[in-house]
Amino acid sequence: MTTHPDPAARTADATFGPDLVEVFGPSQADGGPDLVQLLTPEGERVHHPDFDVDLTPEELRGLYRDMALVRRLDVEATALQRHGELGLWAQLLGQEAAQIGCGRALAPQDFVFPTYREHGVAWCRDVDPLHLLGLFRGVDHGGWDPAAHGFGLYTIVIGAQTLHATGYAMGLQRDGVVGTGDAARDAAVIAHFGDGASSQGDVNEAFIFAASYNAPVVFFCQNNQWAISEPIERQTRIPLFQRALGFGFPGIRVDGNDVLATLAVTRAALQRAREGQGPTLIEAYTYRMGAHTTTDDPTRYRLSSDVERWKLKDPIARLEVHLKRNGLADAAFFDDVAAEADALGARLRAGCTAMPDPDPLAIFEQVYAEVPDELVAQRDGYAAYLDSFEEAGR
Amino acid sequence: MTTHPDPAARTADATFGPDLVEVFGPSQADGGPDLVQLLTPEGERVHHPDFDVDLTPEELRGLYRDMALVRRLDVEATALQRHGELGLWAQLLGQEAAQIGCGRALAPQDFVFPTYREHGVAWCRDVDPLHLLGLFRGVDHGGWDPAAHGFGLYTIVIGAQTLHATGYAMGLQRDGVVGTGDAARDAAVIAHFGDGASSQGDVNEAFIFAASYNAPVVFFCQNNQWAISEPIERQTRIPLFQRALGFGFPGIRVDGNDVLATLAVTRAALQRAREGQGPTLIEAYTYRMGAHTTTDDPTRYRLSSDVERWKLKDPIARLEVHLKRNGLADAAFFDDVAAEADALGARLRAGCTAMPDPDPLAIFEQVYAEVPDELVAQRDGYAAYLDSFEEAGR
Amino acid sequence: MRLTLAKALNAGLRRALEDDPKVLLMGEDIGRLGGVFRVTDGLQKDFGEDRVIDSPLAESGIVGTAVGLALRGYRPVVEIQFDGFVYPAYDQIVSQVAKMRYRSRGRSPMPMVIRIPFGGGIGAVEHHSESPEAQFAHTPGLKVVACSNPADAYWMIQQAIASDDPVVFLEPKRQYHADKAEVDEAATPPPLFSSRVVRAGSDVTVLAYGPTVRTALRAAEAAAGEGRSMEVVDLRTLSPLDLPPVLESVRRTGRAVVVHEAHVNLGLGAELAARITEECFFSLEAPVLRVGGFDTPYPASRIEEHFLPDLDRLLDAVDRSLAF
Amino acid sequence: MRLTLAKALNAGLRRALEDDPKVLLMGEDIGRLGGVFRVTDGLQKDFGEDRVIDSPLAESGIVGTAVGLALRGYRPVVEIQFDGFVYPAYDQIVSQVAKMRYRSRGRSPMPMVIRIPFGGGIGAVEHHSESPEAQFAHTPGLKVVACSNPADAYWMIQQAIASDDPVVFLEPKRQYHADKAEVDEAATPPPLFSSRVVRAGSDVTVLAYGPTVRTALRAAEAAAGEGRSMEVVDLRTLSPLDLPPVLESVRRTGRAVVVHEAHVNLGLGAELAARITEECFFSLEAPVLRVGGFDTPYPASRIEEHFLPDLDRLLDAVDRSLAF
Ligand SMILES: Cc1ncc(C[n+]2csc(CCOP(=O)(O)OP(=O)(O)O)c2C)c(N)n1
Ligand SMILES: Cc1ncc(C[n+]2csc(CCOP(=O)(O)OP(=O)(O)O)c2C)c(N)n1
Ligand SMILES: [Mg+2]
Ligand SMILES: [Mg+2]
């Protein structure tokens with residue numbers, strides 16, 4: 001008879017290294033020491049050893065304008081939903097800097113795969129906000145042309161688009177537009193996703209494929225601290241940007257309420273990708289100031305004091321202070337932007353309420369390139385059925 | 001008009017830190033500096049600062065015996081497949097130390113979720129090898145009782161079982177058998193998977209759930225360098241055990257051809273789990289000496305020189321040398337094991353060929369706890385149909 | 001007590017949690033928030049985080065860990081937030097949940113309930129209005145039921161949880177917060193896997209489930225005014241089908257129309273048509289007709305009412321059946 | 001040239017790769033190894049690693065990245081190693097691949113082929129013998145075809161790749177390396193989405209596809225000897241169905257039997273029965289009968305021949321139909 005080792009026997013000195021939460025800090029640690037920041041919540045311009053941007057006053061004003069206008073867009077859309085003009089709206093309130101910083105880092109030839117909340121990035125890609133409203137109104141699933149704008153359709157099934165982004169990036173490699181050194185030609189892809197999405201298999205598979213093929217894709221995670229009612233701690237116990245470590249590519253945490261830092265970091269990551277150096281994960285550390293969507297009630301699961309705390313880090317206010325304090329924008333500029341926002345609001349209200357319902361027979365369109373006879377018959381049958389009502393109604 | 005930042009503008013000093021492949025080394029680096037080893041390929045006992053085992057000669061001989069017998073099991077099964085007695089066989093050749101080291105680290109109250117290749121672990125859990133043969137012969141999908149052996153059914157859909165393991169571990173937490181300090185009570189779970197499986201969404205989701213709930217589960221990855229024809233580089237560019245880093249729990253690479261090191265590391269990781277310290281990822285660095293399965297032809301995708309190189313690291317040979325060189329086992333012992341292996345072989349051959357085909361009506365059994373009338377009717381109909389042939393045949 | 005369908009489910013879940021300590025609820029946002037439809041409202045507060053478990057955002061993870069919990073002896077009740085989000089868990093459901101008992105020769109039962117709010121008509125964005133039932137009903141090892149009213153919801157959810165087989169439990173989300181109905185906690189409910197004639201009639205049998213039961217009842221009301229007598233069967237169980245009451249009815253009326261929101265092609269109506277024709281071939285005065293979602297993806301919500309089978313389309317089919 | 005089904009597919013893929021530089025193959029082990037069934041043998045060597053892509057072991061990843069490649073203008077041909085491993089990719093297939101054209105109003109076409117070796121009878125372990133076609137056929141936006149012989153395989157794979165719609169392409173794995181048949185590279189193939197009468201007959205119409213076509217032909221041969229004349233239709237396309245030849249045949253014979261390996265409940269036979277009955281109500285002498293895999297999980301391989309519809313079970317159904 002042989003004896004087997006005693007399973008309960010234990011080596012006193014067994015160690016698996018330090019607790020990683022101690023090493024990396026907890027996921028929800030407020031920004032943390034690794035946070036890249038160029039503009040403090042107080043509007044002070046600070047410097048970072050690795051990342052910086054050098055923008056003209058005009059460019060800075062441009063970023064302010066972008067953020068102010070998309071916030072207005074968001075406010076209008078929320079109001080339109082309250083008035084029954086939209087079925088739903090996913091607010092970006094508080095995430096303007098993350099989205100504009102990211103959006104303005106893009107080159108025309110880059111391609112963006114958004115979630116359902118990237119209204120600010122859509123803005124940077126010249127997607128008419130009315131198309132966004134149309135989607136949430138329910139007139140279509142996205143009225144813009146992805147190829148024309150380099151901006152994919154909104155994706156609601158969490159995480160699915162990160163794989164599409166990776167595949168598209170593999171396509172760029174095959175098209176020979178990566179690492180050629182020609183700045184007008186080299187292209188990269190951005191995949192947006194949220195902190196909650198980081199738990200989906202698809203997102204992790206996207207990391208694996210991107211690393212395996214060294215695909216030119218930037219994974220841009222807006223960690224707004226919440227996945228509906230679930231806090232970031234439910235998805236990860238260490239800061240999310242560290243997730244990339246284990247997949248063998250760099251991860252970085254940027255202050256997502258700082259448009260300059262987000263711009264700097266995203267720009268550099270995109271450039272890395274375009275040059276053929278492969279994927280990067282950016283965690284834009286930010287906060288969802290509003291509800292998850294207009295149907296959500298965040299008072300059920302979070303403290304208003306948290307929201308108050310984050311108000312002090314408002315992304316627009318800090319750039320406004322910076323511009324004013326440094327004499328980079330005058331009152332006329334702010335008045336102009338406010339007027340522009342009012343005009344945008346008016347345009348959205350008018351455009352949205354005027355949006356007609358689609359033709360019922362649109363149900364049958366674009367299911368296939370080559371439409372099967374059976375579906376033609378279904379369509380024709382329904383058309384005749386509708387006609388029968390009209391006739392009856394006469 | 002506002003100007004937008006020039007997307008091609010780039011900050012010279014942007015850095016995302018060092019190339020992680022340089023930091024961690026490439027995935028396929030031969031073992032690497034982080035490899036925990038206690039017995040060299042030459043059979044020399046070495047020491048490791050963090051992990052060790054202190055085994056009696058009897059225990060060492062027990063490990064040798066286990067490995068020798070499961071190798072024999074594997075050889076017999078392969079031969080039985082060649083003779084048409086099995087439909088397929090997934091060989092463990094070369095992975096004996098990883099499996100026995102792991103299997104002998106288990107406490108009776110622990111639970112194992114295997115892939116389709118853990119014949120060595122099954123052995124340690126007292127699963128009759130004939131059940132394994134039965135599965136590959138096609139008489140059932142696994143004839144053992146998972147609960148009785150603390151050993152789940154083989155799982156063929158890659159990665160699925162890692163989530164089951166995590167859920168089971170969450171069950172242990174709810175049962176209050178984690179971290180009580182009672183060694184006979186505290187329990188943990190092992191989830192087996194391969195290097196290829198590490199790319200599946202399910203496996204990564206299992207990491208996330210395990211980390212999120214701090215579940216008592218040890219993820220035991222046998223990196224045998226190949227997923228059928230795909231080399232480890234296709235799945236990861238850095239060593240696989242580092243994957244755990246990004247999920248916030250420890251990962252460790254152990255010499256999977258070293259039964260002592262595997263035992264030491266697994267034992268410690270299980271103990272961590274039982275004590276309530278959460279999940280660990282173990283990468284047992286090993287090599288699939290045989291084909292993927294008996295239908296595979298590895299000459300199509302790998303060099304025989306690689307296989308030759310790994311032969312020098314044979315897990316059984318090194319323990320044999322160690323035992324012999326240190327006078328821990330005499331010739332009689334080896335003769336006994338050889339005889340035992342012969343007896344095992346004979347038993348398996350006889351048992352396998354004698355295995356009857358199941359009753360055709362077993363098709364209809366255990367689909368449901370409460371069998372729907374429709375299915376009863378299908379069953380009865382088929383029974384009558386079969387009878388009609390018998391009658392016709394009379 | 002008079003309850004909405006959502007509240008009835010909540011009460012049923014509460015009772016199941018009380019009755020059996022092995023019952024666990026799992027899902028996204030089901031704890032603190034009480035679920036996006038509030039079906040689990042208050043349950044985490046009363047039963048704790050260990051029994052009402054907010055999960056990471058990963059459906060395969062939820063179902064896969066639920067499998068492990070079931071193997072450990074628990075009875076997990078999983079919530080999928082919306083129908084369109086069940087597909088990431090599809091592999092775990094059809095290859096693991098459905099097959100576990102079979103492959104283990106009964107040694108590893110899989111008592112699990114997968115709750116799915118299903119169907120359209122709520123003005124939602126993409127992926128929030130799907131009807132995935134046929135795919136699950138096609139999968140042996142799973143059982144599939146759909147409730148259509150508060151009283152059934154209350155009892156059926158408890159019965160599903162008590163079942164030792166895995167049950168896909170479909171909840172007509174459109175009716176979560178619609179009319180209240182009386183739920184008698186002292187009643188003796190019919191068996192879970194049984195269909196029920198909810199309105200007697202003699203000219204044509206209409207088979208409905210979930211959200212279309214109400215449509216069918218309204219259609220029957222309207223038809224009655226015009227002298228056509230529709231019998232309405234609430235199928236309740238989609239897999240297994242409970243055919244006897246269906247066949248009995250069709251043999252009487254000679255005509256059947258099936259109505260569901262799922263695509264017609266290979267929807268439940270296909271199986272019902274095939275079975276009814278097989279069993280009642282000589283009683284049928286007309287082929288079994290099907291009214292359902294068209295064979296297109298679910299459209300944008302502003303025209304979803306055209307996609308969904310409504311009272312008029314159902315009556316039209318009834319007329320066509322009668323005209324045969 | 002005389003080719004096996006696997007070699008015919010290989011030749012068809014080769015020609016597609018030659019004809020269109022946008023065609024890519026993706027999958028597990030398809031490169032160096034040439035696929036576990038050798039269907040892609042030699043293609044990576046000739047077309048390079050950028051066009052014949054060995055992927056990480058993750059089906060959702062494969063299909064999901066293929067979606068991205070298609071959005072970039074490529075025409076990905078994805079191999080799923082075995083039928084039972086398509087489910088991890090199910091979400092990407094039904095929610096993304098199937099819907100991309102629709103949701104983008106035609107702006108983002110999704111020309112993708114998903115090749116799946118399907119069906120049983122090869123003595124395999126679990127999850128290697130599934131017949132998942134009904135689930136895909138139920139999904140609008142996808143097209144589903146099944147080849148049954150080398151010549152069709154050669155042409156159909158090329159036609160599927162040339163199609164601007166996503167096609168689930170089912171290959172009867174049991175016949176990969178079975179009999180060779182003549183493949184005429186200069187022939188003009190019938191359209192992809194067409195069914196074909198492969199044996200004329202007058203007493204009963206048998207509808208088959210993929211692996212059961214051969215069973216049906218053999219049964220017809222056997223039946224002929226006993227004086228029963230079976231017409232056999234190889235459906236070839238499962239979604240859309242090509243009903244005209246089917247209906248024409250059934251109107252003539254008055255009887256139909258559908259045979260497939262998939263579970264009977266909600267299998268293709270259900271839809272065919274429903275449609276045929278709807279369209280040929282007054283021509284039918286008997287209800288459409290269905291022969292298929294039982295409504296149980298796929299059993300252990302030693303008894304799989306009992307699960308699979310064989311010549312005898314088909315003939316038995318034909319007899320029952322004729323006896324009606
Ligand atoms: C696969 C899937 N599961 C569930 C949902 C429902 N859902 C929509 S948004 C959301 C939370 C997402 O959180 P996060 O990824 O952090 O993004 P955020 O909404 O905060 O921007 C959930 C659970 C979904 N859309 N898709
Ligand atoms: C989901 C899924 N996809 C594909 C397969 C086919 N398959 C079986 S084993 C295998 C390779 C597994 O490699 P690895 O995880 O390294 O384990 P190993 O076989 O080397 O032990 C593949 C692709 C499968 N079983 N399941
Ligand atoms: Mg979030
Ligand atoms: Mg391997």
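Chain naming here is simple, since letters A, B, ... match the order of the sequence lines and numbering starts at 1 in each.
- The pair C:R313-C:E305 does not count as a salt bridge, with every side-chain nitrogen at least 4.0 angstrom from each carboxylate oxygen.
- Interface summary for chain C: among A:L135, A:L88, A:I158, A:V203, the most heavy-atom pairs under 4.5 angstrom belong to A:I158.
- C:Q92 and C:S95 share no donor-acceptor pair across their side chains, judged by distance under 3.5 Å alone.
- For a residue to count as touching a neighbouring chain, one of its non-hydrogen atoms must lie under 4.5 Å from one of that chain's; by this rule C:E28 touches chain A with backbone and side chain alike.
- For C:E49, the CD atom counts as loosely surrounded, since its 6.0 Å shell holds 12 or fewer non-hydrogen atoms of other residues, nucleotides or ligands.
- Contact count against chain A (heavy-atom pairs under 4.5 Å) is highest for C:E59 among C:H128, C:E304, C:E59.
- C:Y298 and C:H127 have their aromatic ring centers separated by at least 6.0 angstrom.
- Of the atoms belonging to A:A197, it is backbone heavy atoms, and not side-chain ones, that fall under 4.5 Å from chain C.
- No other option in C:V36, C:V125, C:D54 has as many heavy-atom pairs under 4.5 Å with chain A as C:D54.
- By the 6.0 Å contact criterion, CG on C:D46 is enclosed, its count of non-hydrogen atoms from other residues, nucleotides or ligands being greater than 12.
- At a 4.5 Å heavy-atom cutoff, the contact between C:Q81 and chain A is made by side-chain atoms alone.
- For the set C:D29, C:T296, C:L33, the count of heavy-atom pairs under 4.5 angstrom toward chain A peaks at C:D29.
- With hydrogens and angles left out, the side-chain atoms of A:R349 and A:H83 include no donor and acceptor closer than 3.5 Å.
- The pair C:K7-C:D41 fails the salt-bridge criterion, with no side-chain N (NZ, NE, NH1 or NH2) lying under 4.0 Å from an Asp/Glu carboxylate O.
- The structure places CZ of C:F37 at 8.5 Å from CD of C:E79, a figure rounded to the nearest 0.5 Å.
- Ranked by heavy-atom pairs shorter than 4.5 Å toward chain C, the options A:E374, A:Q200, A:E365, A:Q235 are led by A:Q200.
- Contact annotation for A:Y116: neither backbone nor side-chain heavy atoms come within less than 4.5 Å of a heavy atom of chain C.
- Residue contact with chain C, scored on non-hydrogen atoms closer than 4.5 Å, is absent for A:R379.
- The candidate from A:Y385, A:Y154, A:F136 with the greatest count of non-hydrogen atom pairs under 4.5 Å with chain C is A:Y385.
- When each of A:G134, A:A227, A:S199 is scored by its heavy-atom pairs under 4.5 Å with chain C, the top score falls to A:S199.
- Put simply, CG on A:L348 and CG on A:L130 are 5.5 Å apart, with the number rounded to the nearest 0.5 Å.
- Note that the OG atom of C:S321 and the CG atom of C:L315 stand 12.0 Å from one another [nearest 0.5 Å].
- Taking OG1 of A:T115 as the reference point, atom CZ of A:F193 lies at 11.0 Å (rounded to 0.5 Å).
- In this structure, the portions of A:Y301 lying under 4.5 Å from any heavy atom of chain C include both its backbone and its side chain.
- Proximity to chain A is limited to the side chain of C:F85, based on heavy atoms less than 4.5 angstrom apart.
- Ring pair A:F207/A:F219 is perpendicular by interplanar angle, where above 60° counts as perpendicular and below 30° as parallel.
- Using a 4.5 Å cut-off between heavy atoms, C:D312 contacts chain A through both its backbone and its side chain.
- For A:D297, the parts lying near chain C are the backbone and the side chain together; criterion is any non-hydrogen pair under 4.5 Å.
- Comparing C:P88, C:A58, C:G84 by heavy-atom pairs within less than 4.5 Å of chain A, the highest count is held by C:A58.
- The most heavy-atom pairs under 4.5 Å with chain C, out of A:V157, A:D140, A:T236, come from A:V157.
- The residue among C:A124, C:G61, C:P56 with the most heavy atom pairs within less than 4.5 Å of chain A is C:P56.
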